Amino acid sequence: MPVLISTNMIKVLLVDDQSLIRQGLKALLELEEDLEIVGEAENGEIAVKLVEEFHPDVVLMDIRMPIMDGVATTREIHQRFPKIKILVLTTFDDDEYVTAALQSGAMGYLLKDTPSEELAVAIRAVHKGYTQLGPGIVKKLLTQFPNIPGNKTPSPPTYLAELTPREKDVLQLIAKGASNREIAQKLFISEGTVKNHVTNILNRLNLRDRTQAAIIANTYLSYLNDSTL
């Protein structure tokens, strides 16, 4: 009987300057039936070459590395291979690293103390287009919005009232990490229409990307659910 090869394997590239970390991650992740480690890189320069060669689905990216760091590598991979998802895994949770990595195109930011089971779940989620942020990372991102108090839900800004009911629906789904395709299926509209709504939302709220939109949506979720807004 012929052996059936699964077509649902997620190809993962490991990028970390410490060989011990790479070996440990490889050993843990290869225990997952749907994850395949296709390569390892000790710096960003090698990582870009391996991305060109193997075209992984997800790149697990460290931040501090010699020759070419994780932020610069993320930016280059995202620009050249926008369909490849990048998930940062590092020991550093400095505000500037978090912001720079997400601005450069990373789909998520986790710390290395993340349990292996949760890391595997995050890889699958990022592969599907969901944003993954480790504990405490969202709070750091919220500091980018000076009008939002840290421990208190603020009054909704007036510009939220400019969103149409459909745009509010789309924004709430963005907050849940849904991709354009999933939003289209949920709302029974085309992906093209979803893209138009997302563009309108970012323009109306003066936001840079979906990550900022998700933060805004989570902060004002109760107001988005209020039909009187």
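Owing to the predicted nature of the structure, the values given are computational and were not obtained by experimental measurement.
Across every non-hydrogen atom of Thr74 and Ala106, the tightest pair is CG2-N, 3.6 Å. Taking each heavy atom of Leu35 and Ala120 in turn, the nearest pair found is CD1-CB, 4.1 Å. Nearest heavy atoms, Leu28 versus Ser116: CD1-CB, 4.0 Å. A pairwise comparison of heavy atoms in Met65 and Met61 identifies CE-SD, 4.0 Å as the closest pair. Residues Arg22 and Glu40 come closest through the heavy atom pair NE-OE1, 3.2 Å. Here the closest heavy-atom approach between residue Asp69 and residue Ile63 is recorded as CB-O, 3.3 Å.
Atoms CG and CD1, from Leu13 and Ile37 in turn, are 8.5 Å apart once rounded to the nearest 0.5 Å. Separating the CD atom in Gln132 from the CG atom in Leu110 is a distance of 7.0 Å, to the nearest 0.5 Å. Taken from CD1 in Ile86 to CZ in Arg75, the straight-line distance is 10.5 Å, to the nearest 0.5 Å. How far NZ of Lys26 is from OG of Ser19: 12.5 Å, rounded to the nearest 0.5 Å.
When side chains are defined from C-beta on, Val51 counts as touching Val59, because their heavy atoms get closer than 4.5 Å. Val170 has its side chain out of reach of Glu167: every pair of non-hydrogen atoms, C-beta onward, lies at least 4.5 Å apart. Residues Val12 and Pro56 fail the side-chain proximity criterion, which asks for heavy atoms closer than 4.5 Å. Side-chain contact check for Lys195 versus Val198: every heavy-atom pair is 4.5 Å or farther apart. In this structure, Asp34 and Asn8 have side chains that are not in contact, with every pair of non-hydrogen atoms separated by 4.5 Å or more. A heavy-atom distance below 4.5 Å is found between the side chains of Arg80 and Val48. Taking the side chain as every heavy atom from C-beta outward, Leu87 and Leu89 never approach each other to under 4.5 Å. Using a 4.5 Å cut-off on side-chain heavy atoms (C-beta onward), Phe92 and Val98 make no contact.
A donor-acceptor contact closer than 3.5 angstrom is absent between the side chains of Glu76 and Thr73. Tyr97 and Arg64 are linked by a side-chain donor-acceptor pair at a separation below 3.5 angstrom, with hydrogens and angles left out of the test. For the residue pair Glu182 / Tyr130, a side-chain donor-acceptor distance below 3.5 Å is found, with atom types taken as modelled.
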Before you tell me yes or no, could you show the steps for Leu60 and Leu29 under side-chain contact (heavy atoms from CB on, under 4.5 Å), namely the whole-Å CA-CA distance, both residues' side-chain angles and the distance that decides it to 0.1 Å? CA-CA 11 Å; Leu60 207 55; Leu29 295 177; 4.0 Å; yes

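Taking a cutoff of 4.0 Å between a charged side-chain nitrogen and a carboxylate oxygen, Lys112 and Asp16 qualify as a salt bridge. In this structure, Glu36 does not pair ionically with Lys11, as no charged nitrogen and carboxylate oxygen lie closer than 4.0 Å. Under a 4.0 Å N-O distance rule, the pair Arg124/Glu32 qualifies as a salt bridge.
The neighbour count for Lys128 NZ, taken as heavy atoms of other residues, nucleotides or ligands under 6.0 Å away, does not exceed 12.
Using modelled atom types, one side-chain atom of Asn200 and one backbone atom of Asn196 make a donor-acceptor pair closer than 3.5 Å.
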